[in-house]
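Following: one structure in structure tokens, then a few remarks.
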Amino acid sequence: MAKKEKTTEENLVIVESPAKAKTIEKFLGKDFLVKSSFGHIRDLAKKDFGIDLEHNYQPQYVVSEDKKEVVKELKSLAKSAGVVWLASDEDREGEAIAWHLSEVLDLKQDKTRRIVFHEITKDAILRAIDTPRDIDTNLVNAQQARRVLDRLVGFELSPVLWKKVKPSLSAGRVQSVAVRLLVEREREIFDFKADSAFRVSAVFTISNNGKKSDFKAELNHRFKTLDEAREFLNKCVGADFEVQSVVKKPSVKTPAAPFTTSTLQQEAARKLGFSVGQTMSVAQKLYEAGKITYMRTDSVNLAKSAVSAVVASIKSELGDEYVKVRQYKTKAKGAQEAHEAIRPTYPDKSSVTGSAQEQKLYDLIYKRTKASQMSDALIEKTTVNISVNNEKYQFVANGEVVKFDGFLRVYIESSDNEEDEESASFLPPMKEKDSVDLKKLESRQRFSQKPARYSEASLVRKLEELGIGRPSTYAPTISTIQQRGYAVKEDRPGTPRAYQFLWMEKGDIRHEEKTEMANAERNKLFPTDIAMVVNDFLISYFPNVVSYDFTAKVEQEFDEIAMGKVEWQKAIDDFYKPFHHQVEETLEKSDRTTGERILGEDPKTGKPVSVRIGRFGPMAQLGSSEDEEKPRYAPLTREQHIETITFEEALKLFDLPRDLGTYEDKKVVVGVGRFGPYVRHDGKFASLKKGIDDPMTIDLPRAIELIEEKRERDNKKTIKTFEEDKDLQVLNGRWGPYISYKKKNYKIPKDQEAAALSYQDCLKLVEEGDKTKKTKKVTATKTTGVKKSTAKKKSGSTGKKKSTASAAKTKSKSAK
DNA sequence: CAGTGAGCGAGCTTCCGCTTGACTT
């Protein structure tokens, strides 16, 4: 619309993001037209590697399908512009984007300028315009090396996996290390033997001028055995307790740095329960609405103007003593700092309109930004030691008093470790030699914690720490490893565990054995057997590529290229020659890997029992394929692993399918299938509840419950059926009502009430639906592609969440 | 969506980093 009056424009500025373009256009005024390239416009061709191995790794670039339209428009605008300003980000990828643009748009050097800025403020932009430079060819070459290396690794390694492990698998510089982290942590957990000790805790009472107050304390020793603990508790009964020392120590707490992509993902996961993907899509909304700065960043810097705005708002709301201007330094390896930290565009705006999720995430960003420029909190820590007669062990009480809250007034960073939060409490005034009374005394057996499994966000943090991956790829990487079946994100309910408990009651020490649920997990990433087999394979044949410092090493190479010290093709050649040799040798020499373990012989038949990865995942096998009789097969349950399953457990799998009896005169059978454990009844399947039901132990009443639940759901799903044609149904789906007819689905227009549709109405809609499908032939082929991938997603546990998220997206869009 | 576990073997899959829509069953 505005384009027409601007065709005579002197200046065309090209940035990466359309939201950025909008903002910058306002700063630059009417002599400048600002457009966006939507990120990279070209990439290596998909077929034949996209790299000419015969000719010095010459990259074969093609304009991406979804960028053709953009490129066409930019090309024509560039033609009529006096000067084209390439304003992509100031990092390796941004430099490459500028170069690709100049190539594809055929820009003449004398009318092209390269400009950069790290923050979207008027000053920064105007300064950039005043100080243009040329495209940095060395930096571009470093990016080409990065791109080519990733393609070589990914497209040579993946096919090896297809041949040696399973089709459609993938490997890459980033994802394979992510999988390795999960697998190695899982094995630490396999090997972990929980230790236990008896902690002793007490509640004491102290009288101050007739006023009694209670406080908690813990013994500074943990007993190995129940008897030792009991002996000590007995000594405490009727003993004298005296304050030995009261030590006060001041301490300070400092605020955390402003958000980067990674820290935002972590905090949003801990405080708001968002997945990393969810955080990014909510942040994108806020960014597009102009409410926050760019959300894919590794920088903790704030623009000067932002700092002054934050400081002004702290001063006016809380006073000068709450202000402390701070400059943060990034700790992340290989950070490129092309943008600012993530902050509110207008830091004095404490809230925004929008969805509940947007408001919550904004609140987090607002507070973190503000707190980052606030004073330290001053804390006084008090440690009180209390003696028990003349025993060598003493009770210790810890107290914490906030003398000055500082940034804590606004924002407290959370921690993954829940145990951190226990200790701090308020202590009543005490002094040496005060005597105190024992009010409560107990000792509980505590087990050491196994290593923690990764959550999405903690895996991102680890990758960032290792310098692997970029802000724009953290979320996609996490979803890739789940889509490929290397990891599942889920809850595990834990297992009951007995523990010993001692307590004082009426002057006696009593003992009881109690049970707790141990090792429960919520929303954690679990590596699959496939992940373990693939990881072991890669480590044994390509240890260099999946090593934790591979990325760091190649980054050093890229830096050398960027400084013009090394030619990029030379660096690639040094890597590729031996790597390609490794690939060929592996193809030739390695066997197919299935992770097979032979567990023993079936006592009934004498046939071998083994476990391995089959066509459809981990399974157990009874008998060998050389036998005349066909072997029996059974899939492993999701908690079982090829590596850890015992002979007995594997043997049990062949007890399925199990007959539970009859219900309504029809057989009820329980088994494990493609989609996990199920109950079958009257030709219908009902899934067992993850973590609640066990196919080995489930009984008939529970099975009937599941069957009834499933019936209930099916009833809700069906809105209408028709006597005229059994194939035609109006159903309730994830995206609202739709028509199902002969295995195909059809939309119902928004203005029609689904329940009120007649048989004729439905037929009409089906007819119309078929028509539009035919006219959109190009999109029809596309849709089948999409279908496939969503079907894949469904089999992973993330499927459900993803689709609800996209459902929400659709809703909010149609609402606008 | 449903209980499979290839000696005929087509043709496909796959990487990492930049960016947003598209559009569902």
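By convention in this document, chain letters (A, B, ...) are assigned in the order of the sequence lines, proteins followed by strands, and residues within each chain are numbered from 1.
- Remark: ring of A/Phe155 stacked against base of B/dT14; centroid gap under 5.5 Å, plane tilt under 30°.
- Using modelled atom types and a 3.5 Å distance limit, the side chains of A/Tyr61 and A/Glu103 yield no donor-acceptor pair.
- Heavy atoms of other residues, nucleotides or ligands lying less than 6.0 angstrom from CZ of A/Arg114 number more than 12.
- Nucleotides B/dA22 and B/dC18, compared at atom P, are 24 Å apart to the nearest Å.
- A sub-4.0 Å separation between OP1 or OP2 of B/dG17 and a side-chain N or O of A/Tyr474 is absent.
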Dump the pairs, protein N or O against N or O of nucleotides 6-11 of chain B, anything under 3.5 Å, distances to one decimal.
none

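- OP1 or OP2 of B/dG5 sits under 4.0 Å from a side-chain N or O of A/Lys630.
- Between A/His100 and A/His40, the two ring planes are perpendicular [angle over 60°; tilted spans 30° to 60°].
- Side-chain N or O atoms of A/Gln482 include one that pairs as donor or acceptor with a backbone N or O of A/Ile478 at under 3.5 Å.
- Here B/dA2 is the nucleotide among B/dG21, B/dT19, B/dA2 with the atom lying nearest to any side-chain atom of A/Ser687.
- Judged by ring centres under 5.5 Å apart and planes tilted less than 30 degrees, A/Trp162 fails to stack against the six-membered base ring of B/dT14.
- Distances shown here put every side-chain N or O of A/Arg484 at or beyond 4.0 Å from the OP1 or OP2 atom of B/dT13.
- Ranking B/dA2, B/dT19, B/dG17 by closeness to the A/His40 side chain, first place goes to B/dG17.
- The aromatic ring centroids of A/Phe575 and A/Phe550 lie less than 6.0 Å from each other.
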State the dot-bracket string of DNA chain B. Criteria: Watson-Crick or G-U wobble, both atom distances under 3.5 angstrom; notation: ( ) intrastrand, [ ] crossing earlier pairs, | interstrand, . unpaired. .........................

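- Taking 4.0 angstrom as the limit, A/Arg146 places none of its side-chain polar atoms (N or O) nearer than this to OP1 or OP2 of B/dC16.
- Side-chain N or O atoms of A/Ser88 include none that pairs as donor or acceptor with a backbone N or O of A/Glu95 at under 3.5 Å.
- The backbone N or O of A/Val669 lies less than 3.5 Å from no partner atom in the side chain of A/Asp659, so there is not a single donor-acceptor pair.
- Of the possible polar contacts, one joining the A/Thr528 side chain to the A/Ala531 backbone as a donor-acceptor pair under 3.5 Å is found.
- Here, B/dA6 and B/dA10 have their C1' atoms 14 Å apart, quoted to the whole Å.
- A cation-pi arrangement is present between A/Arg42 and A/Trp99, with the terminal nitrogen or guanidinium carbon under 6.0 Å from the aromatic centre and inside a 45° cone about the axis.
- The side chain of A/Arg42 contributes no N or O atom lying less than 4.0 Å from OP1 or OP2 of B/dG17.
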